[in-house]
Amino acid sequence: MTDTTSNRCGYVAIVGRPNVGKSTLLNHILGQKLAITSRKPQTTRHNMLGIKTEGAVQAIYVDTPGMHKANEKALNRYMNKTASAALKDVDVVIFVVDRTRWTDEDQMVLERVQYVQGPVIVALNKTDRIEDKAELMPHLTWLQEQLPNAQIMPISAQHGHNLEALERVIAEHLPENEHFFPEDQITDRSSRFLAAELVREKIMRQLGAELPYQITVEIEEFKQQGKTLHIHALILVERDGQKKIIIGDKGERIKRIGTEARRDMELLFDSKVMLNLWVKVKGGWSDDERALRSLGYNDQV
Ligand SMILES: Nc1nc2c(ncn2[C@@H]2O[C@H](COP(=O)(O)OP(=O)(O)OP(=O)(O)O)[C@@H](O)[C@H]2O)c(=O)[nH]1
Ligand SMILES: [Mg+2]
């Protein structure tokens, strides 16, 4: 570490349409669950840094919301803008795609990535689920034609296949630089933010098709008292019916959300956690620019 000339450090944006496995990839690379993930599209809403320092190399990953088309609410505009902003001023771009499942939204991301000047890696994810390997070759050829300078790497973010090779390629592209963050820092986000996200993840995972996308979580209290961390989280929904869904029959569902979120928080914060959850109706927040800002949807990387 004293040989400063060989230190490398840079930003690596992870982009792609919703649900392709960007946050799963970040977590696996970090070896820790930092970003929330779910089977539903549009899980990630904010750019988040995940920092990995190994010896002379510091890679600063930027997990981004999936770029998407439908639904032009203020929240969706915010998410798309946030993801696009991450493409600027980074040293490497990882464009994550889901096997051969190419959609209009992949096309939209591709058109943005084609403008990127620096190195691009296409991570063809979920290879563990590829049934027909023969399908893959023509798709890889086609992808290479679209992005002639990109390196295409099949991976499985969930199972960790080929991630070491991916990290090696990333490291080669990082410029010589002093490290921007201390060695033990893994994110730019506060513990409060991470706690709120864990609650949101449990809601996303537990609700089925009736899922209210119009949910946000605010942390009202976050206080260490002795050995216990006391956390109060407020779940904001848009309509009364959504509140009922989250609370569930005799409060069953909210209890389960609380138990699961608390478990993850205890792992993340390495502390005993007392978690209190409240649900409140705040109509129209997801399409109200001012309400969004007041709820913290105003960050840019
Ligand atoms: N089989 C398999 N599933 C995966 C893999 N990577 C991710 N998934 C699953 O794909 C789903 C979406 O993963 P996320 O990491 O939340 O996807 P994302 O791209 O961050 O999605 P947004 O935040 O909505 O943009 C989850 O159910 C993951 O478990 C993989 O390599 N193999
Ligand atoms: Mg995500």
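Keep in mind that what you see is a predicted model, and the values were worked out from it rather than measured. Both counts, for ligands and for their atoms, begin at 1 and track the order of listing.
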Chi angles and distances behind the side-chain contact (heavy atoms from CB on, under 4.5 Å) call for L87, M67 | CA-CA 12 Å; L87 284 172; M67 293 186 200; 4.1 Å; yes
N-O pairing of R256 and E260 below 4.0 Å | no
Determine, considering heavy atoms only, which of L25, N19, N125 sits nearest to atom 12 (C) of ligand 1.
-> N19
Is the closest N or O pair between P65 and ligand 1 shorter than 3.5 Å?
-> no
Does the side chain of Y297 come under 3.5 Å of the side chain of T82 through a donor N or O and an acceptor N or O?
-> no
Heavy-atom contacts under 4.0 Å between Q42 and ligand 1: side chain, backbone, both, or neither?
-> backbone
Name the closest protein heavy atom to atom 17 (O) of ligand 1, giving the residue it belongs to and the distance to 0.1 Å.
-> G21 N, 3.1 Å
Side chains of R8 and Q58 in contact at under 4.5 Å (non-hydrogen atoms) = no
Any N or O of V20 that comes nearer than 3.5 Å to an N or O of ligand 1?
-> yes
Sub-4.0 Å atoms of ligand 1 with respect to non-hydrogen atoms of R39 = 27 (O)
In terms of side-chain heavy atoms, does H68 have a donor or acceptor partner in E105 at a distance below 3.5 Å?
-> no
For the pair E197 and R189, find out whether any cationic side-chain nitrogen is under 4.0 Å from an anionic carboxylate oxygen.
-> no
Nearest protein heavy atom with distance in Å, relative to atom 10 (O) of ligand 1 = K126 NZ, 3.0 Å
Any N, O or S atom of T43 closer than 2.8 Å to the Mg ion (ligand 2) | no
Output the list of atoms in ligand 1 that are nearer than 4.0 Å to some heavy atom of S23, sorted by atom number.
-> 15 (O), 20 (O)
Answer yes or no: does an N/O atom from H159 fall short of 3.5 Å to an N/O atom of ligand 1?
-> no
Per-atom contacts, ligand 1 versus G66 - under 4.0 Å to a heavy atom | 25 (O)
Answer yes or no as to whether an N/O/S atom of S23 is found below 2.8 Å from the Mg ion (ligand 2).
-> yes
Residue pair V120 / Q114, side-chain heavy-atom distance below 4.5 Å = no
Heavy atom of the protein closest to atom 2 (C) of ligand 1 (residue, atom name, distance) = Q158 OE1, 3.1 Å
Which ligand 1 atoms, with their elements, are less than 4.0 angstrom from a heavy-atom of P41?
-> 24 (O)
Between CZ on residue R99 and CG on residue N125, distance to nearest 0.5 Å | 8.5 Å
The atoms of ligand 1 lying under 4.0 Å from a heavy atom of R129, numbered in the order shown, are 1 (N)
Salt bridge check: are K52 and E167 linked by an N-O gap of less than 4.0 Å?
-> yes
Could you tell me whether R205 and E201 have a side-chain N and a carboxylate O separated by less than 4.0 Å?
-> yes
Which ligand 1 atoms does D128 reach within 4.0 Å, using its non-hydrogen atoms?
-> 1 (N), 2 (C), 30 (C), 31 (O), 32 (N)
Are the ring centres of F193 and H46 closer than 6.0 Å?
-> yes
Has ligand 1 got any nitrogen or oxygen that is less than 3.5 angstrom from a nitrogen or oxygen of T37?
-> no
State the atoms of ligand 1, each with its element, that fall below the 4.0 Å cut-off from a heavy-atom position in K22.
-> 15 (O), 17 (O), 18 (P), 19 (O), 20 (O), 21 (O), 22 (P), 25 (O)
Identity and distance of the protein heavy atom lying nearest atom 28 (C) of ligand 1 = T24 OG1, 3.8 Å
Distance-only polar pair, side chains of S38 and T43, donor-acceptor under 3.5 Å = yes
Proximal atoms of ligand 1 relative to S38 (non-hydrogen, under 4.0 Å) = 11 (C), 12 (C), 13 (O), 16 (O), 26 (C), 27 (O)
